[in-house]
Chemist: 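Okay, here's the structure, questions in a sec.
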Amino acid sequence: MPRWVNRPEGSNWGDFGADDQIGRMNLLTPERRRAALAEVREGIAFTLSLPLDYPGAMIAMRKPPRLFVEQLDGEPAYNQVNDHCSDVMCDDGVVLYTQFSTQWDSLAHMGQKFDADGDGLAEKVYYNGYRADEHLLGPDHPEGPCAKALGIENMAAAGIQGRGVMVNFKAVYGKEYFWVGYDEMMRTLEAQKVDVQKGDFLLMHTGYDEEVLAMNRQPDKSKLDLTGSVLNGNDPRLLKWIDDSGIVAICSDNLAVEGYDWNAPPGADHPILPLHELCLFKLGIHLGELWLLHELADWLLAHERSAFLLTAPPLRLPGAVGSPATPIATV
């Protein structure tokens, strides 16, 4: 039986197949990877991940990594020496919140209440019609919590390497809080000669990452909430451009890519994060957040370039709805 009768207006559900779970990553073809390789001229690599214990405690349900050591032969498996050899051994484990620091959102990260059955009742559904409690199993389920569909392992298996393009909003609008709509996006792309192509990863530098680093794991959320440019998800022309552009992902150095106001919810029938609705729910465009972009952005601007090779796989962790990432940009 089909998972949906109605698909959301403006969505691409089914366009990549009835069982598709990677969305726009289907556009990451061998031709696009070859185009990305052609952008490597200097062989210089930039690491685009924060240390994974940054930004520090900022969202209550996301906590910093915690390393631990298990016992081996009754002793901690750390600086351990076997009496029969000269080896000194360390082994550890980690409790890791998948979206605490530099991260990818999977397509299971955010869905909507939507009448996919055509019966007049809204269900909890995700990209391509996958269902809450059937495919996205909560902690009360014997097999939960687990994304049986749309988990981050699908993105990992897709081979996340392609052409990245940088939009340096900080260079145009500074580090003050600034809403970027269609006009501001077009103005920046033209000024920085950014050629966005189908299958590209769009990266946005706002200066948020520099503020996070300066706070040294003691984030001042009230200050960060007023730092850097954010996309205006309420601008329909910007949303249409994102769709028409053919980009496979949007990655930013800030917390949510788009602007939002949790104190002024838009109402039960409207999303508080309309760009998340467009990207994750309707189009299957993955979102990357809290990336470390200032060094790459400064280098590209100084060399009058905007494109590079991006290699950014998430963890191949079955059932997870997000993942830490250590992206690498090569110029």
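None of the values given here were measured: they were computed from a predicted structure.
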Chemist: Between Asp117 and Arg3 (salt bridge meaning N to carboxylate O under 4.0 Å), is one present in this structure?
Modeler: no
Chemist: Step by step, would you call Tyr54 with Asn216 a side-chain hydrogen bond (donor to acceptor under 3.5 Å, both in side chains)?
Modeler: CA-CA 8 Å; Tyr54 278 76; Asn216 193 27; 3.0 Å; yes
Chemist: Using the rule side-chain contact (heavy atoms from CB on, under 4.5 Å), only one of Ser101, Ser323, Pro64, Pro65 pairs with Leu96; which is it?
Modeler: Pro65
Chemist: Taking the side chain as everything from C-beta on, heavy atoms only, tell me whether Glu289 gets closer than 4.5 Å to Thr102.
Modeler: no
Chemist: Without hydrogens or angle criteria, can the side chains of Gln21 and Asn128 be said to hold a donor-acceptor pair below 3.5 Å?
Modeler: no
Chemist: With under 30° as parallel and over 60° as perpendicular, where do the rings of Trp13 and Phe281 fit, or are they tilted in between?
Modeler: perpendicular
Chemist: Check this for me: does any side-chain nitrogen of one of Lys175 and Glu211 sit under 4.0 Å from a carboxylate oxygen of the other?
Modeler: yes
Chemist: Using a strict cut-off of less than 4.0 Å between a Lys/Arg side-chain nitrogen and an Asp/Glu carboxylate oxygen, indicate whether Glu304 and Lys193 qualify as a salt bridge.
Modeler: no
Chemist: Side-chain contact test, heavy atoms from C-beta onward, threshold under 4.5 Å: evaluate it for Leu287 versus Leu275 and give yes or no.
Modeler: yes
Chemist: For the atom pair NE2 (His270) and CG (Asn234), what is the distance rounded to the nearest 0.5 Å?
Modeler: 10.5 Å
Chemist: Go through Thr311 and Gln161 one step at a time and tell me if the side-chain hydrogen bond (donor to acceptor under 3.5 Å, both in side chains) criterion holds.
Modeler: CA-CA 4 Å; Thr311 305; Gln161 185 178 58; 2.8 Å; yes
Chemist: Just so I know, are the side chains of Ile152 and Leu315 near enough to count as touching, which here means a heavy-atom distance under 4.5 Å?
Modeler: no
Chemist: Checking side-chain polar atoms at under 3.5 Å, does Asn26 have a donor or acceptor matched by the opposite partner on Asp20?
Modeler: yes
Chemist: Determine whether Phe201 and Ile160 make a side-chain contact, defined as any pair of heavy atoms from C-beta on separated by less than 4.5 Å.
Modeler: yes
Chemist: Using a strict 4.0 Å threshold on nitrogen-to-oxygen distance, state whether Glu210 and Lys170 make a salt bridge.
Modeler: yes
Chemist: Are Asp253 and Thr206 close enough that a side-chain donor and a side-chain acceptor fall under 3.5 Å?
Modeler: yes
Chemist: Do Asp225 and Tyr177 get their side chains close enough for a donor-acceptor pair, meaning under 3.5 Å?
Modeler: no
Chemist: Has the side chain of Arg305 got a donor or acceptor atom that lies under 3.5 Å from a matching backbone atom of Glu39?
Modeler: yes
Chemist: Do NZ/NE/NH1/NH2 and the carboxylate oxygens of Glu134 and Lys148 come within less than 4.0 Å?
Modeler: no
Chemist: Should Glu31 and Arg33 count as an ion pair when the cut-off is N to O under 4.0 Å?
Modeler: no
Chemist: Would you call Asp243 and Arg24 a salt bridge, taking side-chain N to carboxylate O under 4.0 Å as the test?
Modeler: yes
Chemist: Looking just at side-chain N and O atoms, do Asp195 and Gln197 make a donor-acceptor pair shorter than 3.5 Å?
Modeler: yes
Chemist: How about Val230 and Tyr208: do any of their side-chain heavy atoms sit closer than 4.5 Å?
Modeler: no
Chemist: Could you tell me whether the side chain of Leu255 reaches within less than 4.5 Å of the side chain of Tyr260, counting heavy atoms only?
Modeler: yes
Chemist: Quick check: do Phe308 and Leu296 have side-chain heavy atoms less than 4.5 Å from each other?
Modeler: yes
Chemist: Mind checking whether Leu309 and Leu203 sit in one hydrophobic cluster, side chains of I, L, V, M, F, W, Y counted as touching below 4.5 Å?
Modeler: no
Chemist: Do Phe16 and Ile285 belong together in a cluster built from hydrophobic side chains that touch within less than 4.5 Å?
Modeler: yes
Chemist: In terms of side-chain heavy atoms, does His303 have a donor or acceptor partner in Glu42 at a distance below 3.5 Å?
Modeler: no
Chemist: Taking C-beta and beyond as the side chain, do Pro55 and Arg217 meet within less than 4.5 Å on heavy atoms?
Modeler: no
Chemist: For Gln99, does its backbone N or O pair with a side-chain atom of Gln103 as donor and acceptor, under 3.5 Å?
Modeler: yes
Chemist: One pair to check against side-chain contact (heavy atoms from CB on, under 4.5 Å): Phe169 and Phe178. What are the steps and the verdict?
Modeler: CA-CA 9 Å; Phe169 289 130; Phe178 185 80; over 6 Å; no
